[in-house]
Amino acid sequence: MTVVTRFAPSPTGFLHIGGARTALFNWLYARRHGGRYLLRVEDTDRQRSTAEAIDAILDGLSWLGLDWDGDIIYQFSRAARHAEVAQQLLAEGKAYHCYATPQELEEMREQARRENRPMRYDGRWRDRDPREAPAGVKPVVRLKAPQEGETVVIDQVLGKVTVQNAQLDDMVLLRSDGTPVYMLSVVVDDHDMGITHVIRGADHHTNTFRQVQLYNALGWQVPEFAHIPLIHGPDGAKLSKRHGALGVDAYRDMGYLPAALRNYLLRLGWSHGDDEIISTTQAIQWFDLEHVGQSPARFDFAKLTSLNAHYLRETPDADLLPLVLPAIGRLIGEPLSDAARERIARGINGVKQRSRTLVELSAGLAFYARSGAPPAEEKAAALLTPAARGVIAGVAAALEPAPWTEPALESTVKAFAESAGIKLGQVAQPLRVALTGSTVSPGIFEVLSILGREESLIRLRAAAA
RNA sequence: GUCCCCAUCGUCUAGAGGCCUAGGACACCAGCCUUUCACGUUGGUAACACGGGUUCGAAUCCCGUUGGGGACGCCA
């Protein structure tokens with residue numbers, strides 16, 4: 001049996017981190033088993049679904065590198081099919097019209113709340129003669145669910161769970177306007193699409209029992225289920241916009257790499273022994289449902305950032321350049337000259353070694369892009385004491401006639417330090433400030449070399465003055 | 001409230017009854033390396049929620065307590 005998985009986001013907002021992980025797990029599982037990974041947009045809520053949200057989700061998935069097989073299925077376009085299934089159930093006596101009004105249902109819930117009873121539909125139209133139907137009320141269609149016995153879900157992550165059917169009420173299949181409700185649509189679509197493994201967030205776990213009842217009423221085979229624990233915010237509470245529930249585009253903007261996010265998300269809830277750095281290729285070979293954890297995880301930026309630093313260092317300079325060039329242009333407030341691009345290309349390796357995100361990388365590269373003395377950070381400016389300025393002037397003079405290669409620069413500066421009777425560190429740090437405007441940068445000889453004689457001397461003299 | 005799920009360092013996790021003096025990673029602290037920072041490296045602080053069982057033996061199995069989460073829509 002070929003594995004078929006799906007990711008089924010509802011386009012009522014951006015692709016958040018939990019959805020991204022669900023997509024990743026589905027994608028990995030399908031790839032692992034040489035199966036298919038489908039995408040279904042659950043847009044049956046016409047009020048809340050938007051085209052912008054669809055774009056944002058597709059965009060997020062593409063950025064993450066989670067390509068889907070075949071065409072996207074828009075659930076709303078299948079409404080007629082869903083209604084047809086409900087009609088079939090109706091015809092078979094497995095579903096019925098319910099004329100209870102929203103007000104009645106609200107009262108039912110109120111009453112239940114007051115009496116500390118579970119909030120459920122009481123089945124008042126289940127066996128009632130349709131001829132008693134009130135005039136002018138459009139009915140919904142409800143599933144005639146079993147009232148005795150129990151429903152069992154075997155979950156690949158959570159194991160076997162049993163619920164008493166008395167706990168479940170007759171769910172709505174079709175709204176009074178004839179449109180299908182999510183519970184019906186998922187079941188019909190998953191069946192029609194040949195989904196073999198439903199991998200989704202644990203928030204759907206309780207829904208599964210009702211869905212299984214539907215599968216049973218329809219005589220359809222139940223797919224495998226795997227409910228993965230939710231991701232919480234740093235404070236352990238449900239992820240909300242206040243903590244980590246950002247769209248994946250926000251992570252892109254913060255300078256995270258898709259590969260890093262994939263690795264981080266993978267380890268959030270799944271493990272392979274002590275392995276931490278897991279490439280996507282490796283993940284495809286290893287991923288399974290047995291090692292998905294059962295408890296919720298908290299989102300931790302520090303770990304993501306550390307992973308990102310790793311992937312940043314692993315990424316070839318040529319791939320990083322286009323990601324960073326536009327940002328640097330914005331940073332210095334002018335278009336990048338050819339000389340600037342050239343310096344950035346040569347300097348990027350040195351800077352990426354000490355950057356954790358693309359944002360840090362861009363910022364760390366900006367001094368290469370400028371012409372003339374870079375603005376000095378506060379901490380850096382403080383280092384430019386009169387004595388330091390004197391040292392810089394001395395070095396500038398020593399450097400002017402010297403050959404401009406890294407080894408040569410090093411020996412020139414070292415010779416200068418020796419003759420001046422000071423330590424290299426006392427020369428290097430003021431030099432760094434003059435050249436980069438910062439106390440943090442790649443090796444000072446690398447910087448001199450890349451900046452070139454002319455540009456270096458301009459900056460040194462400006463600092464010495 | 002009812003039902004369901006979950007529970008190992010601050011965080012992510014390894015752990016499928018003896019291999020556990022509970023391992024790794026991130027974060028944190030200290031040392032080394034070094035022209036700064038970062039990388040790297042060495043070491044350190046730090047956890048089996050609690051209480052009962054079962055067993056020769058429990059982080060691992062069972063029950064309860066506590067705590068956290070989820071679901072209870074003509075939303076998905």
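Chain A is the first sequence line, chain B the second, and so forth, proteins listed ahead of strands; every chain is numbered from 1. Everything quoted here is computed from the prediction, not taken from an experiment.
- In this structure, the ring of A:Trp68 has its center no less than 6.0 angstrom from the ring center of A:Tyr37.
- Looking at heavy-atom distances under 4.0 Å, A:Val161 makes contact with sugar-phosphate atoms alone, never a base.
- Of the possible polar contacts, one joining the A:Lys94 side chain to the A:Ala217 backbone as a donor-acceptor pair under 3.5 Å is found.
- In this structure, the side-chain hydrogen bond (donor to acceptor under 3.5 Å, both in side chains) partners of A:Thr280, at least two apart in sequence or on a different chain, are A:Arg262.
- Between the side chain of A:Thr206 and the base of B:rC3, no donor-acceptor pair under 3.5 Å is found.
- Residues of residues 375-385 of chain A that place a heavy atom closer than 4.0 Å to RNA chain B do not occur.
- Within the nucleic acid shown, A:Asn207 comes within 4.0 Å of at least one base atom, counting heavy atoms only.
- With a 3.5 Å ceiling on both atom-pair distances, the Watson-Crick or G-U wobble partner of B:rG10 is B:rC26.
- Counting only residues at least two apart or on different chains, the ring pair (Phe, Tyr, Trp, His ring centres under 6.0 Å) pairs with a member in residues 258-278 of chain A are A:Tyr264-A:Phe299, A:Trp270-A:Phe287, A:His272-A:Trp286.
- Heavy-atom nearest nucleotides on RNA chain B were determined for A:Val440 and for A:Pro102, and the one closer to the 5' end corresponds to A:Val440.
- Contact check, A:Gln294 against B:rC6: a side-chain N or O comes under 4.0 Å of OP1 or OP2.
- When both pairing distances are held under 3.5 Å, B:rU41 makes a Watson-Crick or G-U pair with B:rG31.
- Remark: A:Arg354 engages A:Pro442 in a side chain to side chain contact (heavy atoms under 4.5 Å, CB included) (not counting sequence neighbours).
- Counting atom types as modelled, A:Asp300 pairs no side-chain N or O with a base atom of B:rA27 as donor and acceptor under 3.5 Å.
- Looking at residues two or more places apart in sequence or on another chain, you find a side chain to side chain contact (heavy atoms under 4.5 Å, CB included) between A:Ala420 and A:Phe416, A:Ile422.
- Considering only side-chain N and O atoms, A:Arg48 lies nowhere under 4.0 angstrom from the phosphate OP1 or OP2 of B:rA76.
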Pairs under 3.5 angstrom, nitrogen or oxygen only, protein versus nucleotides 13-17 of chain B, please.
{"residue": "B:rU13", "atom": "OP1", "partner": "A:Gly269", "partner atom": "N", "Å": "2.7"}
{"residue": "B:rU13", "atom": "O3'", "partner": "A:Ser271", "partner atom": "OG", "Å": "3.4"}
{"residue": "B:rU13", "atom": "O2'", "partner": "A:Arg267", "partner atom": "NH2", "Å": "3.3"}
{"residue": "B:rA14", "atom": "OP1", "partner": "A:Ser271", "partner atom": "OG", "Å": "2.7"}

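- With sequence neighbours left out, A:Arg459 forms a side-chain hydrogen bond (donor to acceptor under 3.5 Å, both in side chains) with A:Glu455.
- Contact annotation for A:Thr44: backbone-only contact, meaning every heavy-atom pair under 4.0 Å involves sugar-phosphate atoms and none involves a base.
- Partners of A:Arg370 according to the side-chain hydrogen bond (donor to acceptor under 3.5 Å, both in side chains) rule, which considers only residues two or more places apart in sequence or in another chain, do not exist here.
- A donor-acceptor contact under 3.5 angstrom links the side chains of A:Ser185 and A:His82, judged on distance only.
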Might you list the N or O atoms of the protein lying below 3.5 Å from N or O atoms in nucleotides 33-35 of chain B, with each pair's distance?
{"residue": "B:rU35", "atom": "O2", "partner": "A:Arg432", "partner atom": "NH2", "Å": "2.8"}
{"residue": "B:rU35", "atom": "N3", "partner": "A:Ile444", "partner atom": "N", "Å": "3.4"}

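- Remark: B:rA49 base-pairs with B:rU65; criterion is Watson-Crick or G-U wobble with both hydrogen-bond distances under 3.5 Å.
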Do any side-chain atoms of residues 17-24 of chain A form donor-acceptor pairs under 3.5 angstrom with protein atoms, and if so which ones, sequence neighbours left out?
{"residue": "A:Arg21", "atom": "NH1", "partner": "A:Leu268", "partner atom": "O", "Å": "2.5"}
{"residue": "A:Arg21", "atom": "NH2", "partner": "A:Pro229", "partner atom": "O", "Å": "2.3"}
{"residue": "A:Thr22", "atom": "OG1", "partner": "A:Gly18", "partner atom": "O", "Å": "3.0"}

**Study point:** Sugar-phosphate or base contact per nucleotide [nucleotides 60-65 of chain B; S, B, -; heavy atom under 4.0 Å]
**Key:** ------

Do any N or O atoms of the protein come closer than 3.5 Å to N or O atoms of nucleotides 40-50 of chain B, and which pairs are they?
none

